[in-house]
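So you know, we letter chains A, B, ... as the sequences are listed, proteins then strands, and number each from 1. What you see is a predicted model; the values in this text were computed from it and never measured.
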2 protein chains.
Amino acid sequence: MRTPPHKTIERLSQYRRALLMVHDSDKTHIFSHEIAKIIHITPVQVRRDIMLIGYTGTLRKGYNVKELIDLIGDIIDSDTMIRVCVVGVGNLGRAIINYFSGKRTKLSIVAVFDSNADKVGKKYSGIPCHDIAELDEVIRQEDIKVGIITVPADQAQITADRLVKAGINGILNYAPKSVLVPRDVHLEEYDMITSLEKVAFYVKSD
Amino acid sequence: MRTPPHKTIERLSQYRRALLMVHDSDKTHIFSHEIAKIIHITPVQVRRDIMLIGYTGTLRKGYNVKELIDLIGDIIDSDTMIRVCVVGVGNLGRAIINYFSGKRTKLSIVAVFDSNADKVGKKYSGIPCHDIAELDEVIRQEDIKVGIITVPADQAQITADRLVKAGINGILNYAPKSVLVPRDVHLEEYDMITSLEKVAFYVKSD
DNA sequence: AGTCTTTTGTTAATTATTTAACAATTAAAG
DNA sequence: CTTTAATTGTTAAATAATTAACAAAAGACT
């Protein structure tokens, strides 16, 4: 199968989130229009995405929830566990640590870092906090492949540099400042202010 | 001018963030390829976006930073202040409150809500925390138009319902569960796990 | 058994977004 | 003063993503 378009990858993750929820109820099957409603997209889009990953549902019964969850896992999850660290144990860092813990079987936050001596040595949601000075060492020892940056803006670039130097392959940057990384490191950035400004824009132009 | 495409709106916000930073230094002008590098896009895209909003730079000198900042403001900002509230004063809520305070001239977080009695009555970054029971009343009194949801997943929908009922026009939902709102309420949702799964996906397929 | 309705799967059409191409122009260099 | 290099603005082309259209099948209803 050709690897699906970027947008489809994104939606697969959303589909799974939704499916995991309905799976907790007693529903075994779900229609494309039901998934669509949850994600706020059209049923056609759902069917098209599902077609792209080579799954077929049952006419007039819809898609088997468990099967679809598993297939999405086969596509977007790694075979092996991907080990992740969070740099910066401020409010946002803690929110992420908390939120993720145990949520996915193939992703695991195994270390967090901070420069604040009061935080070093403590555990956050069971994950040990190291001094940022040990970043390189811990990342190698723990075989960490992805780093999440939640430090203040003025430390974003230096943090990214350190992560790259330590051999990380992917970075998710939440600091309100873009960072530069080599082309072989996958970078994802998110700025909350952009989202809020977008909402504000579309609200005002009503 | 026709309103710019969605993606352009998003990038305008990013351009401004970048421009505000270079404006703090002594640079008065900036080239399209300089902006492009910061945002990780191509110079052509930058020029095209700037063309769409009707601004013109100077050949071989680039764009006037201050003028461009102002023009982007004219387009994406509201004429009047847009008043915003945050529902849920957990780690994520506090991260947002902290991060936003005073960052933009036309957006202001004026109230936060929580159900925890220990938090009600306190101030967070100078913003008073109200009991969630007073949500409707405060939103009307304070003329709040946008709500940010940072409550746990199981309270996301009921929070959205309350916000809608109180007359809000836009919602930014950070709870890890989609909510349903009437079509006239602009909804933006963001789930951190989708971003992390995307990074993991592109990391593994290297 | 036959008809109607619903729902999937898929191809084709449409729309949105990005990238390429390049003329025009300005500053710098020689 | 002439040439070269750099940079914008814009139209055209290419690519990506979404939506429409509809045949096929399966269950529901009579």
For the pair made of CG in Leu52(B) and P in dT11(D), what is the distance, rounded to whole Å?
-> 11 Å
Between dG9(D), dT8(C), dT10(C), which nucleotide gets closest to the side-chain atoms of Ser32(A)?
-> dT8(C)
In terms of the nearest nucleotide of DNA chain D, which residue is placed more toward the 5' end: Met51(B) or His33(B)?
-> His33(B)
Pick the nucleotide of DNA chain C nearest each of Leu59(B) and Lys7(B); which residue has the one closer to the 5' end?
-> Lys7(B)
Could you tell me the separation between the CZ atom of Phe31(B) and the P atom of dT26(C), rounded to a whole number of Å?
-> 15 Å
Gap between atoms NE2 and P, on His6(A) and dT18(C) respectively (whole Å) = 13 Å
Given dT7(D), dT8(C), dA20(D), which nucleotide is nearest the side-chain atoms of Val44(A)?
-> dA20(D)
The answer to which of Arg47(B) and Thr8(B) contacts DNA chain C further toward the 5' end, by nearest nucleotide, is Thr8(B)
For the residue pair Phe100(B) and Ile193(A), what are the closest heavy atoms and their distance?
-> CE2-CG1, 3.1 Å
With respect to the side chain of Arg48(A), which nucleotide from dT8(C), dT17(C), dT10(C) is positioned closest?
-> dT10(C)
Can you name the nearest heavy-atom pair linking Thr194(B) to Gln14(A), along with the distance?
-> OG1-CG, 4.0 Å
Could you state the atom-to-atom distance from OH of Tyr63(B) to P of dT7(D) in whole Å?
-> 12 Å
Going by modelled atom types, is there a donor-acceptor pair between the base of dA5(D) and the side chain of Arg60(B) at under 3.5 Å?
-> yes
Find the distance His40(A):NE2 to dT18(D):C1' and express it as a whole number of Å.
-> 18 Å
In whole angstrom, what separates Asp49(A)'s CG from dT19(D)'s P?
-> 11 Å
Phe201(A)-His186(B) aromatic ring centre distance below 6.0 Å | no
Any idea how Tyr190(B) and Tyr190(A) line up, ring-wise: parallel (<30°), tilted (30 to 60°), or perpendicular (>60°)?
-> parallel
Please walk me through it: do Arg162(B) and Ile132(B) pass side-chain contact (heavy atoms from CB on, under 4.5 Å)?
-> CA-CA 10 Å; Arg162(B) 278 181 184 164; Ile132(B) 247 182; 2.8 Å; yes
Please report, rounded to the nearest Å, how far the C1' atom of dT7(C) is from the NZ atom of Lys37(A).
-> 17 Å
Can you check the Gln45(B) CD to dT15(D) P distance for me, whole Å?
-> 16 Å
